[in-house]
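Just so it is clear, the model here is predicted, and its values are computed rather than measured.
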Amino acid sequence: MPRLIDPGQGAAIGLDELIDALEANPLDVRDEDAFASWGPLLARLGRNPDFLADLAIEELKTRCAGQARTNGYGAQVFLLRPPNGRYVLRANFWPARDDSVTRASGPAAFFYDLPHDHNFPFLTYGYLGPGYWSDYYEYDVAPLAGLPGETAGLRFTERSRLEPGRLMLYRMRKDVHVQLPPDSLSVSLNILGSDPAQPWLDQYRFDMERGTIAEGLTLTAAEALVAVAVHIGNGLDLAERFARHHPCARMRVTALDALASALPHEAPALFARAAGDPDRFVAGHARARLSP
């Protein structure tokens, strides 16, 4: 399960004070202990009962202009500060299952009942309400190829909720959870770690009945563009280079599928060649595409 962190006893602070403290203490978000050290600072912001309401009121006065300009998330997320390349600060709203917004939008709009991991670490603090529930699991990503249907080795740890004042660190590509609605509307505060390599690290959805990887959830803008580029200009040459030499296995697979889409008569030969790729994800994907 996510790592529980002692929130400490520090007095409440405002958002600007939190940002000043984070900027004064830069760290490598891949260093788990270092990233965890930011947790008590988040908890101190969480002891401020007014800051989020004040920010929300100011946004409403401008018809949410700030959120519309910088928030790439959905309506569930209130961005506390625009991303700076090292971390993201946000508040998340968690409606109950019977709340009208959940009934209207469906639970999937709030990522409920979706077994998944994360390709970044993040700290979370129970700010308001009883807190969302989660079924927690752990897994070891190192031996996995990342193919759909592959046994994930999930280990159930517990069901618990993010109670007010609880502080946790979700460990990157280790903690898996199935998020469940809170008993009543709740709010959490997050510090998300950002890393330049993050877009190339896979995040997974899991099939809990089978204990397998259901699919990869990560898609970069570059991957989407490759799928278009093969049909225009010199995109075939670019996709061919990516399929053979790109350092990210997921991009090699994306380029391979794009080539097969643009050159269907060459697809069997493309996948036969890729079936011998030293990377298990690329080779496994190619063998699956060759199977009748």
Side-chain angles (χ1 to χ4, degrees), residues 2 7 12-27 29 35 38-95 99 101-102 105 107-112 114 116-129 131-132 134 162 164 166-170 172 177 179 181-182 185-199 201 203 217-221:
I13 59 176
L15 180 59
D16 289 338
E17 292 174 272
L18 172 63
I19 292 171
D20 288 344
L22 298 183
E23 292 298 323
N25 295 280
L27 52 79
V29 300
F35 189 61
W38 276 356
L41 292 169
L42 181 64
R44 292 181 66 186
L45 178 68
R47 295 187 187 107
N48 184 330
D50 302 318
F51 89 95
L52 184 57
D54 291 343
L55 288 174
I57 290 169
E58 290 304 310
E59 277 293 315
L60 289 169
K61 288 178 180 178
T62 63
R63 298 185 179 181
C64 299
Q67 294 296 305
R69 184 171 58 254
T70 62
N71 190 346
Y73 298 97
Q76 180 188 15
V77 172
F78 189 100
L79 200 60
L80 301 177
R81 277 294 191 277
N84 66 358
R86 296 193 299 113
Y87 60 83
V88 178
L89 297 176
R90 70 183 190 185
N92 278 26
F93 301 95
W94 305 101
D99 285 352
V101 67
T102 313
S105 302
F110 303 97
F111 299 96
Y112 294 145
L114 177 72
H116 65 285
D117 67 347
H118 299 272
N119 61 350
F120 54 88
F122 71 97
L123 293 155
T124 188
Y125 181 83
Y127 181 66
L128 180 70
Y132 63 78
S134 279
L162 185 65
R166 195 178 204 198
L167 176 65
M168 297 194 298
L169 168 60
Y170 281 72
M172 178 176 66
H177 71 146
Q179 238 166 329
L185 177 67
S186 298
V187 180
S188 62
L189 304 179
N190 295 160
I191 302 178
L192 282 60
S194 297
D195 185 283
Q198 178 184 320
L201 297 175
Q203 179 184 17
L217 298 175
T218 315
L219 179 67
T220 66

Contact summary for I19 and L89, nearest pair of heavy atoms: CG1-CD1, 3.7 Å
How far does CG of N48 sit from CG of L189, to the nearest 0.5 angstrom? 10.0 Å
Would you mind telling me which of L52, N92, L162 makes a side-chain contact (heavy atoms from CB on, under 4.5 Å) with V187? L52
In short, G14 meets L45 closest at the heavy-atom pair C-CD1, 3.6 Å
Considering all heavy atoms of both residues, which atom of P95 and which atom of P181 are nearest to each other, and what is their separation? O-CB, 3.9 Å
Ignoring hydrogens and angles, write down the donor-acceptor pairs under 3.5 Å from the side chains of residues 191-199, residues two or more places apart or on other chains.
| from | atom 1 | to | atom 2 | distance (Å) |
| --- | --- | --- | --- | --- |
| D195 | OD1 | A197 | N | 2.7 |
| D195 | OD2 | R30 | NE | 3.1 |

For F93, look at atom CZ and say whether over 12 heavy atoms of other residues, nucleotides or ligands are found less than 6.0 Å away. yes
Residue pairs passing the salt bridge (Lys or Arg N to Asp or Glu O under 4.0 Å) test with at least one member in residues 67-91, sequence neighbours excluded, are D16-R81, E23-R86
What distance do L80 atom CG and L15 atom CG have between them, rounded to the nearest 0.5 Å? 5.5 Å
F110 vs D99 side-chain heavy atoms within contact, under 4.5 Å: no
Going by the angle between their ring planes, with limits at 30° and 60°, are F122 and F120 parallel, tilted or perpendicular? tilted
Distance-minimising heavy-atom pair for I13 and L41: CD1-O, 3.9 Å
Determine the interplanar angle of the Y112 and W94 rings, folded into 0 to 90°, and report it as parallel if under 30°, tilted if 30 to 60°, perpendicular if over 60°. tilted
Backbone N/O of Q67 and side chain of E59: donor-acceptor pair under 3.5 Å: yes
Working to the nearest 0.5 angstrom, can you tell me the gap between T218 OG1 and H118 NE2? 11.5 Å
Value for CD1 (I57) from OG1 (T62), rounded to nearest 0.5 Å, stands at 12.5 Å
Smallest heavy-atom separation, P7 atom then R47 atom, equals O-NH2, 3.2 Å
With distance as the sole test, does Y127 use its side chain to make a donor-acceptor pair with the main-chain N or O of S186 at under 3.5 Å? no
Quick one: are Q203 and D117 in side-chain contact, heavy atoms under 4.5 Å? yes
Whether H116 and H177 hold their rings parallel, tilted or perpendicular, with breakpoints at 30° and 60°: tilted
Taking the side chain as everything from C-beta on, heavy atoms only, tell me whether Y125 gets closer than 4.5 Å to R44. no
With a 6.0 Å cut-off on the ring centroids, do F35 and Y87 count as close? no
Shortest non-hydrogen pair, P83 vs V88, comes out as CB-CG2, 3.9 Å
